[in-house]
Every structure is written in C-alpha cells, then in structure tokens.
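The structure appears right after this line, and notes come after that.
Here the structure is a predicted model, which means the values were calculated and not measured. Sequential numbering from 1 along the given sequence is applied to the chain's residues. Read the numbers this way: they start at 1 and go in the same order the structure lists the ligands and their atoms.
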Amino acid sequence: MDGQAVKRVVIAGGGTAGWTVAAALAKNLGSLLEISLVESDAIGTVGVGESTIPTARRFHELLGIDERSFVCATQASFKLGIAFEDWAKIGDRYFHAFGVTGQSTWLADFHHVWLQAREQGLAGEFGDYCLELQAAEAGKFEGGKGSRLNYAYHLDASAYGRFLRAFAEPLGVRRIEGKIAQVDLASDTGFIEALVLESAERVAGDLFIDCTGFRGLLIEEALATGYEDWTHWLPTDSALAVQTEATGPARPYTRAIARPAGWQWQIPLQKRVGNGLVFCSRYLSDDEAHAQLARQIEGAMLTDPRLIRFRAGTRRKAWNRNCIAIGLASGFVEPLESTSIHLIMIAVTRLMQLFPFGGISEALISRYNEVSRRELESIRDFIVLHYHLNERDEEFWRECRTMDIPDTLAERLALFRDAGHAYQAADELFRTDSWVQVMLGQRLSPRGHHAMGRLMRPEQLSAALANIAANIDAAVARLPQHQTFLDRFCGHPSG
Ligand code: FAD
C-alpha cells in the first residue's frame, strides 16, 4: 500500500469513456475528490459506439439522468435486442432479445420445457414466448416507468459525449483542452505523477484514469502494462463506419448481418442510421470492404466511410500502479453484442465501490483486476460463440468453425449439447436466456434436456405454452409503434 490518500483524480481522454467516468465520479463522489479531464479536440474520439444494452438504463438512474433529456439530446431510439441474420447459415435469422423467455422454475429453466414440448410437436418457435422479441418483430415499443419491456438505446456517440460533458462540468469537473505530450513517472515507485501537455502545463494527480482510446497513452505507452492478444479467437480487426439517412421508421433493434468476412451493423437513430462493416483484413481488402458496404447500405450517405483498426484482447492489468484504464484503453472485444459502453459503466461503478480513498493497495488492485478480467472473458466467450458455431462455406467462416476455442466456452457448449443446460456465472453479464437464444440461434441442438416437461400431460403442456404466447400477443397488440412513441416522447410530430 502506498499510503498516500487519493483526492486528485485526473482523467486522460474525453470520449464516451472519459466523460462517463467524469460524470459518475462527480455525481457520486464529487465532494470528496478534485476531478480534472484532459482532452484534445485535435485528436477527437473514435466516433462509433452507438448501440447499448439495458444496463445503461440502470447506470443512468444511478446518476439521476432524466431519460427524456438524454433520449432527445442524443437522437436516441429504443432497442429491444439484436437480430442476427445469416449467421449459422445464409437465410437464417434469430433474435437475441433482452428480457425473459417463458417462465422458468427453480427446477428447470423454461427452455427445457420448451425442448420437451417441441419434441412432441406442441410448441411454437422459442421466440414466441418472449415479449421483447415479439414487440421488436412488430416494430412496437413503449417506454417509461410502467413499461414491462426490458430495453436499451441506440444513440449518437458524439452527442452522448457532449451530453455527459454538459452533465459533468456543472458538478465540478475541470476540463483541460490540450494534447498530452508526456507522462511523468516518479523515479522511486513508477507511479504517474503528472501529465505534461504540449502547452507545457503540468496536470498532477493521485489517481489517473486512462481513457485515451486504443493507444492507451498512460497504461501502455507510459507504464508498459502489456496486452493479451485474443485475435486467434476473434479474428476481425477492422471496421468501416458510415452514417446514412433513415429510409423508414426506426426499428427498435440492432441488425447484425453476417457477411463473407465478418458482419455488418445497422443501428437506427431518430433521423439517421449508423452502419458499419466489421471484417477480417486477411480475408477482405479495404477496397473490397468499401465496395461491399456501399452496395449493402440503405439510404444516402451522410458521412464518408471511416476505417478503424483494432486488435481484440485485453490489457494484462486494467489497474496498474496508480493508473486505471477504462474504455478502449483497457482492451476491446468487438462490438457484436454492444458491450463496450456497458464495460465502461461497470468499470467506473466498480471503481466507485473500491475507491482507494486511503491509498492504493495491491489487494484493491487485485480485486478490481480479477473481477474485470472474469467479466471480460465471459463476454469474449459469448461473442466467440456466434462465430464458432456456423455452417457457412466461406474461408473466414471455416476458420472460425475449426479454430480452438477457450476451454471455458468449450465446456459450456458441451453442457448444452449433451444435456441442454445453460447458466449465468458469477460476475457474468449475459443471462441464461441470452446464452440459450444464441446457442439455439447458431443451430446447437441439445441431445438431451431436463424431463420437467414430462411431468405435465401433453394437453397441459400445450395449454401452458399457448397461454404464455397469447398473453404476449395481447400485450404487443396494445403497444404503439416504436416510431410513434419516439416522436411523441421527443415532442415532434410523427410522419
Ligand atoms: P475514444 O473515443 O477514442 O476517446 C479517446 C479520447 O482520448 C479522446 O477524447 C481523445 O481526444 C483523447 N486523447 C487521446 N490521445 C490524447 C492525447 N495525447 N492528449 C489528449 N487527449 C488525448 N461500444 C458499444 O457499447 N456499442 C457499440 O455499438 C459499439 N460499436 C463499436 C464499433 C466499432 C467499430 C468500434 C471500434 C467500437 C465500438 N464500440 C461500441 C466501442 C465504443 O466505441 C467505445 O467503447 C467508446 O466509444 C469509448 O471509447 P473511448 O472513450 O475509450 O475512446
């Protein structure tokens, strides 16, 4: 333990990560800390990251962010899940919807009963028993306090950064414009003492949060923490992003469409759509990627396509000495399940809970790093699952199918394949429902399942399932169209 009390927090970088950290610290611990944030307009932000998961709502609630102000300021739309198209096989389509599918009991999860009913020809599709999925398919949505729907947002990344900045500055965060030219380390401890800007201004602190994006200016360039490469499991390394005009009502879900060397995203906001192609540069050149994306997007382009390179993996330690990397500086698993903004939010939440008020200790660092790693590894496994279980013919997909996968994932797949069991482990983001939807969607058929469904007579089983589906249909029928709700919510006329 270094014993030095921590009061001065310096955040390096003002993208989504930097401003999220600033907003959360200022709101919750502001009176105990002095918070500065250094960012450079000349460098700018990564400019993508527009699809979220429902944890964003709970995080906003913690900060007391008003949903309407946020939705209107960030051109946000509502998201009920992700539609996966052409993944296991061209022509396939399945949903990873937020929310619960069917009704589970302590004895067995719902999908076991469904598998039994399916065998007996008594059940519909798995998605027939999920409210969020059915609402998404119908293009319907209703938010607000009384809503039964579990939902997230699609948002404009730049507007979100501005929104968080406007939230954080009045709470006392001092913003410093300028390029960080040097990071000064203490000669005895190797701790960071100060950031030195091009203007020669010196920003000293006790704790430094590295939110400088992929380069990891503090955590890597100054502290040489090291990076664990996961590209052998997640071989995509490039993305082309472009915004287009909306051509119709905003769908309340993200589309993820598999392509010969990766996949394409479509994220509808209120007035425009975010699009991108994530690909593996060993199988697709940048020129071919441009041509492919241009052919496949709908609506006129509002921006020039922008190429972004990345490397899947994680910093060996998210917290090293007196520096904590959050956001892209801490590592990256690609955006297939929209998890990066969540990881920022959960990281700053953990930091607030473990905050080193009395000094930085190895025990605190280990705890923080251990939980962060477990969390990220389970997200990595979940994403690898989508790639690995495929029956497609292209070389890229063959490589994904035949690659070695993490043991943790192999064990999960075996458990589901043999006995139909799925689970959510401790510190794991994705719920059992999510694993089941994706494993079934990627055509993994369990050879066995729990016999709970056999405790019911066929007519009882059939009636129980029909009842769930009928309730869902009735609830969906009462919901307004998503675009209508959105227009009303932000006070502009629909049309
Ligand atoms: P950046 O946005 O890169 O910000 C870095 C900051 O550091 C900037 O302010 C920059 O000016 C500053 N900086 C850097 N160097 C210096 C310096 N020398 N001096 C001063 N300032 C400096 N996440 C999701 O949750 N959902 C998604 O749908 C999603 N899609 C994505 C798609 C792609 C293709 C990629 C690559 C990422 C996606 N992400 C997504 C991740 C998401 O974009 C990031 O997690 C999020 O934007 C946070 O980025 P950041 O703030 O860490 O980094």
Taking the minimum heavy-atom distance to atom 20 (C) of ligand 1, which of Gly13, Ala256, Gly178, Ala181 ranks first? Gly178
Going by distance only, is there an N or O of Gly44 that falls short of 3.5 Å from an N or O of ligand 1? yes
Show which atoms of ligand 1 fall inside a sub-4.0 Å distance from at least one heavy-atom site of Gly327. 52 (O)
Who's the nearest protein heavy-atom neighbour of atom 21 (N) of ligand 1, and how far? Ser40 N, 3.5 Å
Which residue and atom name correspond to the protein heavy atom nearest atom 17 (C) of ligand 1, and how close is it? Ile43 CD1, 3.3 Å
Taking the six-membered ring of Phe84 as reference, does the cationic atom of Arg93 (NZ for Lys, CZ for Arg) lie under 6.0 Å from its centre and within 45° of its axis? no
Winner among Ile11, Thr16, Ile180 once heavy atoms are compared against atom 46 (C) of ligand 1: Thr16
Quick check: Thr52 and ligand 1, any N/O pair under 3.5 Å apart? no
Report the part of Leu217 in contact with ligand 1, treating N, CA, C, O as backbone and CB onward as side chain, heavy atoms under 4.0 Å; options are side chain, backbone, both, neither. side chain
Which atoms of ligand 1 sit under 4.0 Å from any heavy atom of Val46? 1 (P), 2 (O), 3 (O), 43 (O), 47 (O)
For His96 and Phe382, run ring-ring contact (aromatic ring centres under 6.0 Å, His included): C-alpha distance rounded to whole Å, both residues' side-chain angles, the deciding distance at 0.1 Å, then the answer. CA-CA 12 Å; His96 172 198; Phe382 191 57; 5.6 Å; yes
Is the backbone of Ile43 close enough, under 3.5 Å, to the side chain of Ser40 for a donor and an acceptor to pair up by distance? yes
Does the separation of the ring centres of Phe208 and Phe191 fall below 6.0 angstrom? no
How does Cys211 reach ligand 1, if at all, at less than 4.0 Å between non-hydrogen atoms: by side chain, backbone, both, or neither? backbone
Test ring-ring contact (aromatic ring centres under 6.0 Å, His included) on Phe98 and Tyr151; report intermediate values, then the result. CA-CA 6 Å; Phe98 306 136; Tyr151 65 89; 9.2 Å; no
Students should be able to answer this: which protein heavy-atom is nearest to atom 34 (C) of ligand 1, and at what distance? Ala239 CB, 3.4 Å
Can a donor-acceptor pair be found, under 3.5 Å and without considering hydrogens, that links the side chain of Thr247 to the backbone of Gly299? no
So, does Arg215 sit close enough to ligand 1 that a heavy atom of it is under 4.0 Å from the ligand? yes
Separation of Ser338 OG from Ile82 CD1 (nearest 0.5 Å): 4.0 Å
Taking the six-membered ring for Trp, are Trp397 and Tyr387 parallel (under 30°), tilted (30 to 60°) or perpendicular (over 60°)? parallel
Please check whether Phe310 reaches ligand 1 - meaning an N/O of the residue sits under 3.5 Å from an N/O of the ligand, judged on distance alone. no
re atom 28 (O) of ligand 1, the protein heavy-atom contact at minimum distance is Ser51 N, 3.2 Å
Pair Arg316, Glu220 - check salt bridge (charged side-chain N to carboxylate O under 4.0 Å, His left out), show working. CA-CA 10 Å; Arg316 292 201 184 279; Glu220 198 57 55; over 6 Å; no
Please write down residue, atom name and distance for the protein heavy atom closest to atom 33 (C) of ligand 1. Val48 CG2, 3.5 Å
Which residue and non-hydrogen atom of the protein lie closest to atom 9 (O) of ligand 1, and at what distance in Å? Gly14 N, 2.9 Å
Residue selection (non-hydrogen contact nearest atom 37 (C) of ligand 1) among Phe332, Phe214, Trp265: Phe332
Part of Glu50 within contact of ligand 1 (heavy atoms, under 4.0 Å): backbone
Which of parallel (below 30°), tilted (30 to 60°) and perpendicular (above 60°) describes Trp87 and His386? perpendicular
Arg412 to Tyr423 six-membered ring, cation-pi geometry met (6.0 Å, 45°): yes
Answer with side chain, backbone, both or neither: which part of Ser340 has a heavy atom less than 4.0 angstrom from an atom of ligand 1? both
Under 3.5 Å: donor-acceptor pair, side chain of Glu177, backbone of Asp41: yes
Check the orientation of Trp230 and Trp233. Use parallel for under 30°, tilted for 30 to 60°, and perpendicular for over 60°. tilted
Quick look: Ile344 vs ligand 1, heavy-atom contacts under 4.0 Å, and the answer is side chain
Using a 4.0 Å heavy-atom threshold (strictly under), name the region of Pro335 that reaches ligand 1: side chain, backbone, both or neither. side chain
Look at atom 39 (N) of ligand 1 and say which protein heavy atom is nearest, naming residue and atom and giving the distance to 0.1 Å. Gly49 CA, 3.7 Å
Go through it in stages, so that I can follow the logic: the residues are Tyr160 and Phe70, the test is ring-ring contact (aromatic ring centres under 6.0 Å, His included), and I'd like the CA-CA distance, side-chain angles, deciding distance and then a yes or no. CA-CA 8 Å; Tyr160 190 45; Phe70 152 74; 5.7 Å; yes
At a 4.0 Å threshold, what atoms of ligand 1 neighbour a non-hydrogen atom of Thr45? 2 (O), 9 (O)
Hey, could you give me the CD/CG distance between Gln437 and Leu133, rounded to the nearest 0.5 Å? 6.5 Å
Looking at atom 51 (O) of ligand 1, what's its closest protein heavy atom, distance included? Ala17 N, 3.0 Å
Say whether Ala329, considering both its backbone and side-chain N or O atoms, lies within less than 3.5 Å of an N or O atom on ligand 1. no
